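Notes to accompany the following structure.
The model shown is predicted, which means the values in this text are computed figures rather than measured ones. In what follows, chains carry the letters A, B, and so on, assigned in the order in which the sequence lines appear, proteins first and then strands, with residues in each chain numbered from 1.
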Amino acid sequence: MLARLAPDLLAPKAGKRPREQELPPLENAEQGVVMRFAPNPSGPLHLGHARAAYLNDYYVRRYGGRYVLRIEDTDPRRVEEENYGLLLDDIDWLDLAVTEIVYQSDRMDIYYDYCRRLIELEGAYVCTCEAELFRSLKLEKKACPCRSQNVEENLGLWDRMLSGLFHEGMVTVRVRTDLAHPDPAMRDFSIFRIVDTPPHPRCEARVYPLMNFSVVVDDHLLGITHVIRGKDHIANTRRQQYIYDYFGWKPPYYLHYGRMSIEGVVLSTSAMKEGIREHRYTGWDDPHLGTLKAIARRGILPGAVRSAIIDIGVGETDISFSWENLYAKNKALVDPDANRYFFVPQPVLCRVAGAGDQTAHALLHPNHPERGSRDLAFRGGIYVSPDDVSGHALVRLKDLFNVRIHEEKGTFRLEYAGDSLEEVRAARAPIVQWLPEETVVPCLLRKPEGDIPGLCEPAVAGEAGKVVQFERVGFVRIDSAGSEGVQAYYAHR
RNA sequence: GCUGCUAUAGUGUAGGGGCCAAUCAUGUCGGCCUUUCACGCCGACGACUGGGGUUCAAAUCCCCAUAGCAGCACCA
């Protein structure tokens with residue numbers, strides 16, 4: 001697994017990446033950095049995760065160093081076995097410069113050990129108050145009775161926690177901070193809890209560290225030098241400072257970027273899960289979702305996401321992620337490679353009067369004639385899209401010839417009208433895609449707004465998994481190609 | 001309620017006292033190129049939240065207001 005993930009740091013993928021701005025330098029980073037991406041396995045990754053992943057990745061590549069993928073799986077309620085695999089697939093897709101993977105569920109004993117030390121340093125105490133009671137005391141800046149226990153008493157309680165003598169909700173470990181702190185969020189926050197059920201899929205614990213503790217211990221032990229994360233963690237950064245101070249450790253440098261919403265999609269895992277359960281979405285890769293799986297299926301390349309994220313940068317302003325900007329990045333990556341094909345939506349079959357058999361040669365890519373062409377054999381009958389011919393007297397069948405349109409009650413009679421390109425230009429007649437009657441494959445174009453049935457060239461079936469351009473329609477990813485036809489997911493114009 | 005962060009064109013971003021009647025990208029519109037409404041090229045449009053203050057000079061510094069966001073969980 002690691003081998004599959006470990007990229008060559010010295011030779012990052014050469015390649016066309018749309019030029020993107022340079023991010024501000026990091027403090028004290030010239031000698032290299034150690035950074036981390038720390039998702040929790042509660043579901044697949046989405047664009048919000050991609051921001052954290054790529055921002056950190058950017059600086060690791062820029063300064064060199066290590067990039068730790070840390071799986072934060074210390075909440076058994078939010079961890080499901082199958083999510084680990086989903087997560088690793090997504091990490092793979094992102095193409096991060098990850099150098100090592102750490103699972104917090106493998107490190108429970110380490111957290112227990114350091115908790116004991118923190119208690120010995122009088123930096124933490126075991127609290128058996130009810131959560132509600134503590135909360136009201138905290139808001140009044142008052143200490144709870146447990147706060148005055150001595151080290152021996154606290155260690156005794158801690159041992160009883162570990163040996164299973166407490167049940168869920170009865171006890172917690174708190175950091176001794178400053179009860180008079182003006183920010184109530186800072187006052188004696190919790191760092192351990194007990195969870196009786198469900199069992200953790202990867203370890204046998206019932207005493208679990210809370211994020212603010214495991215993160216500090218891990219960041220220190222793993223030698224993390226810089227942390228870039230969302231500003232929703234800004235209070236956590238301040239809380240964690242107390243723990244660093246007790247241990248006498250030097251905290252990493254922090255950068256907190258602003259909140260990012262995404263036009264038209266929900267990012268919350270629980271909301272997505274609910275939508276899937278209610279069949280509003282087909283699954284994690286439903287094109288209406290902002291998951292990486294969904295955008296990958298639509299033909300968005302990871303490089304486009306990376307570029308869009310780096311452009312957004314580390315600003316603390318709340319922003320709204322715009323699909324337009326992502327599409328522009330993706331188009332820049334995809335256009336030079338994507339082969340061109342004809343797709344006729346809502347096709348109607350028409351006879352063309354007055355034209356002899358001939359074969360059209362349409363380039364696979366207009367800017368790269370050397371890649372060859374597709375041959376479309378005209379034998380008298382063709383499919384076109386009514387929207388393309390309706391209302392026009394003259395139309396150019398691309399790479400073939402001109403036709404005059406006679407429209408009668410929704411049906412079209414086509415009549416050969418010469419080969420002159422100049423003529424259609426002068427007449428400002430449209431140049432449209434078409435397909436020969438004899439060689440077509442059914443094709444379903446799946447757009448977020450709905451599915452569009454149509455026909456496409458048989459050669460499209462050979463592009464499965466790739467992004468192609470349906471001329472005059474847009475860029476699509478060929479999702480599947482079988483006996484029942486082709487299924488294409490629409491990416492963008 | 002308490003605490004904190006942020007505020008530049010439709011979207012994203014640069015600029016951190018004078019070089020800013022504000023950068024770049026994207027978008028939209030127009031033109032050129034072109035057997036795609038793609039790509040490429042040219043041009044246009046479009047913004048410093050409001051009010052005070054400091055200063056010879058403020059998008060930039062300070063204060064207030066407003067707005068958005070976040071935290072105040074035995075989630076991350």
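Rounded to an integer number of Å, the gap from OH of Tyr341(A) to C1' of rU35(B) is 18 Å.
Considering CG of Asp57(A) and CG of Leu94(A), their distance stands at 8.5 Å, rounded to 0.5 Å. Between the OG atom of Ser163(A) and the CZ atom of Arg206(A) there is a distance of 9.5 Å, given to the nearest 0.5 Å. Separating the CZ atom in Phe166(A) from the CG atom in Leu157(A) is a distance of 5.0 Å, to the nearest 0.5 Å.
Separation of the Phe192(A) and Tyr208(A) ring centroids does not fall under the 6.0 Å cut-off.
If you take atom C1' in rC45(B) and the same atom in rC33(B), they sit 23 Å apart, rounded to whole Å. Atom name C1', nucleotides rU8(B) and rU60(B): the rounded distance is 11 Å, in whole Å. rA38(B) and rC29(B) have their P atoms separated by 11 Å, with the value rounded to a whole Å. The C1' atoms of rU35(B) and rA44(B) are separated by 29 Å, rounded to the nearest whole Å. rA65(B) and rG4(B) are spaced 14 Å apart, taking the P atom of each and rounding to whole Å.
Asn40(A) comes within contact range of the sugar-phosphate backbone alone, with a heavy-atom separation under 4.0 Å but no base atom that close. Using a 4.0 Å heavy-atom distance criterion, Asp75(A) is classed as a sugar-phosphate-only contact. Within 4.0 Å of Pro76(A), counting heavy atoms only, lies no atom of the nucleic acid at all. Using a 4.0 Å heavy-atom distance criterion, Gln469(A) is classed as a base contact. As judged by a 4.0 angstrom heavy-atom cut-off over every strand, Pro366(A) is placed among the base-contacting residues. Within the 4.0 angstrom heavy-atom criterion, no nucleotide atom of any strand lies near Ser42(A). If you check every strand for non-hydrogen atoms under 4.0 Å, Phe342(A) touches nothing. Across all strands shown, Val215(A) has no heavy atoms under 4.0 Å from either base or sugar-phosphate atoms. Using a 4.0 Å heavy-atom distance criterion, Arg238(A) is classed as a sugar-phosphate-only contact. Counting non-hydrogen atoms under 4.0 angstrom, Asp388(A) reaches a base of the nucleic acid. Within 4.0 Å (heavy atoms only), Leu421(A) reaches at least one base atom of the nucleic acid. At a threshold of 4.0 angstrom between heavy atoms, the contacts of His256(A) with the nucleic acid are absent. Within 4.0 Å (heavy atoms only), Gly258(A) reaches no atom of the nucleic acid at all. Within 4.0 Å (heavy atoms only), Arg78(A) reaches at least one base atom of the nucleic acid.
Exactly one of Thr172(A), Asp159(A), Val173(A), Leu155(A) qualifies for a side-chain contact (heavy atoms from CB on, under 4.5 Å) with Val126(A). That residue is Val173(A).
Residues from residues 126-149 of chain A with heavy atoms under 4.0 angstrom of RNA chain B, sorted by number: Cys129(A), Ala131(A), Arg135(A), Lys138(A).
Pairing for rC72(B) goes to rG1(B), judged as Watson-Crick or G-U wobble with the two contacts each under 3.5 Å. Taking a pair to require two hydrogen-bonding distances under 3.5 Å in either a Watson-Crick or a G-U wobble arrangement, rG43(B) pairs with rC29(B). Across all strands shown, rU66(B) forms a Watson-Crick or G-U wobble pair with rA7(B), both key distances being under 3.5 Å. Look at rA38(B): it lacks any Watson-Crick or wobble partner with both distances under 3.5 angstrom. In this structure, rA57(B) forms no base pair with any nucleotide, since neither Watson-Crick nor G-U wobble geometry is met with both distances under 3.5 Å. The pairing partner recorded for rG16(B) is none, the criterion being a Watson-Crick or G-U wobble arrangement whose two distances lie under 3.5 angstrom.
Between Thr74(A) and the phosphate of rA76(B), there is a side-chain N or O to OP1/OP2 separation shorter than 4.0 Å. Put simply, Arg396(A) has no side-chain N or O that comes within less than 4.0 Å of OP1 or OP2 on rU35(B).
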Could you walk me through whether Arg36(A) and Asp218(A) satisfy the salt bridge (Lys or Arg N to Asp or Glu O under 4.0 Å) test, starting with their C-alpha distance in whole Å, then the side-chain angles of each, then the deciding distance to 0.1 Å, before giving a yes or no? CA-CA 10 Å; Arg36(A) 40 104 160 161; Asp218(A) 283 342; over 6 Å; no
Evaluate Asp335(A) against Arg340(A) for salt bridge (Lys or Arg N to Asp or Glu O under 4.0 Å), listing each step before the verdict. CA-CA 10 Å; Asp335(A) 182 82; Arg340(A) 268 57 172 172; 2.7 Å; yes
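Distances were taken from every side-chain heavy atom of Asp232(A) (C-beta onward) to each of rA70(B), rU35(B), rG4(B); the shortest belongs to rA70(B).
When side chains are defined from C-beta on, Tyr257(A) counts as touching Ile228(A), because their heavy atoms get closer than 4.5 Å.
Side-chain atoms of Thr177(A) come within 3.5 Å of backbone atoms of Asp188(A) as a donor-acceptor pair (strictly under, hydrogens ignored).
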